[in-house]
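The structure appears below as structure tokens.
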Amino acid sequence: MTVAATRRRSPLDRSPLASFGLHAGLLAATAVALFPPLWLLVTSFKPNSEAFSTSLVKSFTLGNYTHVVRDTYFLTWFGNSLIVVFGTTVIGVFVAATTGYALSRFRFPGMRPLMWVLLVTQMFPMAVLIVPLYNTMATLGLLNQPVGLILTYLTVAVPLCAWLMKGFFDTIPVAIDESGRVDGLSPFGTFWRLVLPLAKPGLAVAGFYTFVTAWAEVAYATAFMTGEENLTLAGGLQTFVNRYGADWGSMTAAAVIIAVPAALVFGFAQRHLVAGLTAGATKS
């Protein structure tokens, strides 16, 4: 038997028909994924009378954007969202990183139950938790307060991010911690000065997930915040649709503006996302 016959077939050695089918499928999937945001962008430049027109923009207008910025509480919603997102991201990433590091490096009573609690909390849909969280926040006087919304988002983001950070810290050699202790660093000093700088991919994923949780979440934002001046962007977007009709032009324009910061954050973090998401998947 020749060497060529025994050579294992490479996954890249495809027939022309298989290659054509693969590329056609990828192009079709790309078109399906890009069509909704592109149509949203096109609709935002149309007057309301052409919102359901299947043609491209006939009467180009920026009126939807000017109306959203000038005649609504959009800038107030934007400011509220920035406060909530900043607080959720900073606190959530810090708590998740310290929790993940403790679970990765230390053994303490109640460690395994804590890991199970972090995992089980992800099994409950957010809708089920609205009523008990609402009652708790009402008792504490946190309704219509950014602090209350930040706390509820932390209950969603921290458990998953803590598990993710634990998997990433498991891939960092323990010898780095030992060298820090030899140099006289405290456990927190070792974590802060030596281990955390090596965890940038994991921090990027945790930060991006926490950011998206606070930026795009709707259920909690509409249940715990009332009054247009207290809404975040996700809740304010729903004010353009009511029982009497929908202002599609303003809603699509607002949606485009809302998507821009998310796209910028994704562009900044995307180089770390693959490394962070696959951390802990294999053992060296």
Side-chain angles (χ1 to χ4, degrees), residues 10-65 68 74 77-78 81 85 122-123 125-127 153 156-157 160-161 164 201 204-222 232-242 245-279 281:
S10 171
L12 299 178
D13 296 335
R14 306 185 190 91
S15 65
L17 183 60
S19 180
F20 173 79
L22 175 63
H23 286 82
L26 291 175
L27 289 175
T30 302
V32 170
L34 290 179
F35 177 78
L38 288 178
W39 192 254
L40 183 76
L41 179 63
V42 170
T43 305
S44 69
F45 294 113
K46 294 180 178 180
N48 278 330
S49 58
E50 299 179 9
F52 292 98
S53 173
T54 57
S55 62
L56 295 178
V57 181
K58 292 182 179 179
S59 304
F60 181 87
T61 179
L62 294 175
N64 295 324
Y65 290 90
V68 166
F74 184 84
W77 303 336
F78 194 88
S81 290
V85 167
Q122 299 301 302
M123 301 179 183
M126 296 178 66
Y153 288 156
V156 178
L160 178 62
C161 291
L164 183 147
V205 176
F208 181 72
Y209 177 78
T210 307
F211 170 85
V212 172
T213 298
W215 188 258
E217 197 279 330
V218 177
Y220 288 171
T222 55
T232 59
L233 288 172
L237 198 63
Q238 295 191 350
T239 62
F240 297 115
V241 180
N242 54 49
D247 186 353
W248 297 109
S250 298
M251 186 171 66
T252 54
V256 171
I257 300 175
I258 292 171
V260 171
L264 293 176
V265 172
F266 176 80
F268 176 77
Q270 60 88 23
R271 61 178 178 175
H272 298 298
L273 291 180
V274 175
L277 287 171
T278 57

Closest heavy-atom pair and its distance - [X], [Y]:
X    : Y    : result
W215 : S81  : CZ3-CB, 3.9 Å
G235 : A221 : N-CB, 4.4 Å
C161 : Y209 : SG-CD2, 3.6 Å
N64  : K46  : ND2-O, 2.8 Å
A219 : T222 : O-OG1, 3.1 Å
L237 : A255 : CD1-N, 4.0 Å

A side-chain contact here means heavy atoms from C-beta on lying under 4.5 Å apart; do [X] and [Y] qualify?
X    : Y    : value
T61  : F45  : no
L26  : L22  : yes
L41  : S44  : yes
M251 : V241 : yes

Nearest 0.5 Å please: distance from the [atom1] atom of [X] over to the [atom2] atom of [Y].
X    : Y    : atom1 : atom2 : result
T239 : D247 : OG1   : CG    : 9.0 Å
I258 : L233 : CD1   : CG    : 4.5 Å
T232 : E217 : OG1   : CD    : 8.0 Å
F208 : T213 : CZ    : OG1   : 10.0 Å
F240 : W248 : CZ    : CH2   : 12.5 Å

Please verify the inter-ring angle class for W77 with F74; under 30° counts as parallel, over 60° as perpendicular, anything in between as tilted.
perpendicular
Ring-plane angle category for Y153 and Y220, please: parallel below 30°, perpendicular beyond 60°, tilted otherwise.
parallel
Please step through side-chain contact (heavy atoms from CB on, under 4.5 Å) for the pair F35 and L40, ending with a clear verdict.
CA-CA 8 Å; F35 177 78; L40 183 76; over 6 Å; no
